[in-house]
Engineer: 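One structure is given below, represented as structure tokens, and several questions about it will come after.
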Amino acid sequence: MTAAKVISGAEQFFIPGNSIGILICHGFNGTPQSVRYLGENFAAKGFTVFAPRLAGHGTDEAEMETSDYQQWIQDVEMAYAKLKQTCTNVFVIGQSMGGALVLDLATKVACDGILTINAALQVPEYEKYCNKTVPRFIPEGKPDIKAVDSKEIAYDRVPIKAVNQLLDIMKHTGAQLQKITCPLILFHSPEDHVVPDRCSHHIYETVLSDDKEMVSLDNSYHVASLDHDKDYIIERSYQFIQKHTKLTNRVYA
């Protein structure tokens, strides 16, 4: 079977830079487009940035139907390995389901720091489809973004098989949280209409990291990387990276 064509703008992107790498993982039914603004701004600060496109995303619903969460885990692990080839430090950012995936990664490798944006351990709207096979496709509403001028590349409908893979990876990650000890910053939107804000609070309370912080995104909904607080995410992330790499006295063009 021929692989489906990637939607224009949804491609993965790699921007070479210095010895500090930043891996950015998009969420369920998202694409690297949703995190490109973050990635390009981190690259402008000199960092090496890689945003992989998860299997079945950014092409078509039929291809998404054939993907599973083990592939998504592998996509993130391969992206981390790619950055480690040239980078001394690697920080990993994950939005929504991407947050669950990067938290899973942190149970297996020595990340210098994990940054999550509205990390998903629950999606209440999807729970009624658990272990169901019909309908084949589920209509998707408008992306949950407060900024009216922001657009996200996403499918208008998602396969119920893929929804169940999302439910599985959230459950899998939720059971692994006590294995996480690396520095952690949790960006969370109190007004999130997709993932309950309590998910980030639960992660904060459960991980064993000594260095952990909650940062509230008060002017953004779920897809915060495309919302009003996106520059604030970049600013606070940069401070976090500085803290954990002793970059305070370095300046990047």
Side-chain angles (χ1 to χ4, degrees), residues 1-15 22-40 49-83 92-105 115-123 125-126 129 135-145 150-173 194-195 221-227 230:
M1 187 175 75
T2 305
K5 185 178 179 182
V6 178
I7 298 166
S8 178
E11 304 87 357
Q12 69 178 26
F13 60 90
F14 179 85
I15 307 173
I22 301 181
L23 191 169
I24 315 180
C25 183
H26 65 79
F28 182 77
N29 196 25
T31 74
Q33 175 263 342
S34 67
V35 296
R36 182 173 281 276
Y37 182 85
L38 301 185
E40 290 180 348
V49 179
F50 186 28
R53 180 180 59 82
L54 300 176
H57 291 71
T59 53
D60 61 39
E61 303 97 320
E63 186 168 88
M64 190 185 213
E65 193 173 31
T66 67
S67 62
D68 58 51
Y69 82 83
Q70 288 90 352
Q71 287 178 284
W72 303 335
I73 286 174
Q74 186 178 47
D75 290 337
V76 173
E77 291 176 349
M78 289 175 65
Y80 177 82
K82 179 179 174 69
L83 285 169
V92 187
I93 302 174
Q95 178 162 259
S96 191
M97 181 183 77
L101 290 168
V102 303
L103 289 167
D104 171 74
L105 179 71
L115 305 88
T116 64
I117 304 169
N118 294 321
L121 294 183
Q122 291 179 304
V123 180
E125 280 293 309
Y126 285 156
Y129 299 111
R136 182 181 174 190
F137 294 102
I138 300 163
E140 283 284 274
K142 189 178 174 185
D144 190 36
I145 305 171
S150 287
K151 306 295 180 189
E152 182 185 23
I153 295 174
Y155 302 142
D156 294 330
R157 59 180 191 166
V158 291
I160 197 169
K161 284 186 178 179
V163 167
N164 274 277
Q165 293 302 308
L166 167 63
L167 295 174
D168 286 347
I169 182 58
M170 292 191 296
K171 182 178 179 181
H172 167 82
T173 297
V194 178
V195 170
Y221 295 160
H222 181 62
V223 191
S225 62
L226 289 171
D227 220 329
K230 58 184 184 289

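All values reported here derive from a predicted model rather than from experimental measurement.
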Engineer: Using the side chain to side chain contact (heavy atoms under 4.5 Å, CB included) rule, take V194 and E125 through it: C-alpha gap first, then chi angles, then the decisive distance, then the call.
Structural biologist: CA-CA 7 Å; V194 178; E125 280 293 309; over 6 Å; no
Engineer: Working to the nearest 0.5 angstrom, can you tell me the gap between I169 CD1 and D104 CG?
Structural biologist: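 Taking CD1 in I169 and CG in D104, the distance rounds to 5.0 Å.
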Engineer: Between atom CZ of R157 and atom CD1 of I138, what is the distance when rounded to the nearest 0.5 Å?
Structural biologist: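 These two atoms lie 11.0 Å from each other.
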Engineer: Testing the basics here: between N118 and H222, what is the closest heavy-atom pair and its distance to 0.1 Å?
Structural biologist: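 Closest approach of N118 to H222: ND2-O, 2.9 Å.
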Engineer: For the backbone of V35 and the side chain of H26, can you confirm whether one donor and one acceptor N or O come within less than 3.5 Å of each other?
Structural biologist: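 No.
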Engineer: Taking the side chain as C-beta and beyond, is there a heavy-atom pair between R53 and F13 under 4.5 Å?
Structural biologist: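 The answer is no, as the side chains (C-beta and beyond) never meet within the 4.5 Å cut-off.
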Engineer: Indicate the atoms forming the closest heavy-atom contact of Y129 with N164, along with that distance.
Structural biologist: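 What the structure gives for the nearest pair is O-ND2, 3.1 Å.
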Engineer: How long is the gap from CG on L226 to CD1 on I117, to the nearest 0.5 Å?
Structural biologist: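 Rounded to the nearest 0.5 Å, the CG-CD1 separation comes to 10.0 Å.
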Engineer: List the steps and the verdict of side chain to side chain contact (heavy atoms under 4.5 Å, CB included) for I7 and T31.
Structural biologist: CA-CA 9 Å; I7 298 166; T31 74; 5.9 Å; no
Engineer: Going through the checks in order, is the side chain to side chain contact (heavy atoms under 4.5 Å, CB included) test met by K161 and D68?
Structural biologist: CA-CA 8 Å; K161 284 186 178 179; D68 58 51; over 6 Å; no
Engineer: Just so I know, are the side chains of Q165 and S67 near enough to count as touching, which here means a heavy-atom distance under 4.5 Å?
Structural biologist: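 They are not in side-chain contact.
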Engineer: How close do S96 and V195 get, heavy atom to heavy atom, and via which atoms?
Structural biologist: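 Nearest heavy atoms, S96 then V195: OG-CG2, 4.2 Å.
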Engineer: Which residue in the set V102, L103, L101 passes side-chain contact (heavy atoms from CB on, under 4.5 Å) when paired with T173?
Structural biologist: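 Going through the options one by one, the only one that passes is L103.
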Engineer: Side chains of T59 and Y155: does their closest heavy-atom pair fall under 4.5 Å?
Structural biologist: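 Touching, per the 4.5 Å side-chain cut-off.
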Engineer: Going by heavy atoms in the side chains, are V92 and L105 under 4.5 Å from each other?
Structural biologist: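 Result yes, sub-4.5 Å side-chain heavy-atom pair found.
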Engineer: Within a strict 4.5 Å, meaning less than it, do heavy atoms of the E61 and E140 side chains meet?
Structural biologist: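 Result no, sub-4.5 Å side-chain heavy-atom pair not found.
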Engineer: Within the distance-only criterion (no hydrogens, no angle test), does the side chain of D75 pair as donor or acceptor with the backbone N or O of L54 below 3.5 angstrom?
Structural biologist: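 Absent.
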Engineer: Is there a side-chain contact between L83 and F14, using heavy atoms and a 4.5 Å cut-off?
Structural biologist: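 Yes; the side chains approach each other to less than 4.5 Å.
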Engineer: Minimum heavy-atom separation for P32 to A51, with atom names?
Structural biologist: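 The pair with the smallest heavy-atom distance is CG-O, 3.8 Å.
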Engineer: Donor-acceptor pair, E152 side chain versus P143 backbone, under 3.5 Å?
Structural biologist: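 Not at all, since once roles are kept as given, no pair shorter than 3.5 Å links the two residues.
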Engineer: Less than 4.5 Å apart, side chain to side chain, heavy atoms only: is that true for L38 and Q95?
Structural biologist: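 No; the side chains remain at least 4.5 Å from each other.
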Engineer: Nearest 0.5 Å, please: how far is OH in Y37 from CG in D227?
Structural biologist: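 The CG atom of D227 sits 12.0 Å away from the OH atom of Y37.
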Engineer: How are the rings of Y69 and H172 set relative to one another: parallel (under 30°), tilted (30 to 60°) or perpendicular (over 60°)?
Structural biologist: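 Ring orientation of Y69 relative to H172: tilted.
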Engineer: Under the 3.5 angstrom rule, does the side chain of E11 hit a backbone N or O of G9 as a donor-acceptor pair?
Structural biologist: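 Yes; judged by distance alone, with no hydrogens or angles, the pair exists.
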Engineer: Please determine whether the number of non-hydrogen atoms from other residues, nucleotides or ligands lying under 6.0 Å from atom CG of D168 exceeds 12.
Structural biologist: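 Count over threshold, so yes.
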Engineer: Below 4.5 Å, heavy atoms only, C-beta onward: do K151 and I145 meet side chain to side chain?
Structural biologist: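 A side-chain contact under 4.5 Å is absent here.
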Engineer: To check you understand the geometry: which heavy-atom pair defines the closest contact between Y126 and V158, and what is its length?
Structural biologist: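 Looks like OH-CG2, 3.9 Å.
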Engineer: Can you tell me if E65 uses its side chain to pair, donor with acceptor, with the backbone of R136 under 3.5 Å?
Structural biologist: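 Between the backbone of R136 and the side chain of E65 there is no qualifying donor-acceptor contact (under 3.5 Å).
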Engineer: For the residue pair C25 and G98, what are the closest heavy atoms and their distance?
Structural biologist: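 For C25 versus G98, the nearest heavy atoms are SG-CA, 3.7 Å.
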Engineer: With side chain to side chain contact (heavy atoms under 4.5 Å, CB included) as the test, would you mind laying out the steps for L23 and I93 before giving the verdict?
Structural biologist: CA-CA 6 Å; L23 191 169; I93 302 174; over 6 Å; no
Engineer: Closer than 3.5 angstrom, by distance alone: can the side chain of Q71 be matched with the main-chain N or O of A55 as a donor-acceptor pair?
Structural biologist: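 Absent.
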Engineer: When you measure from the side chain of S225 to the backbone of S34, do you find a donor-acceptor pair of N or O atoms at a distance under 3.5 Å?
Structural biologist: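 Side chain of S225 to backbone of S34, a donor-acceptor pair under 3.5 Å: yes, one is there.
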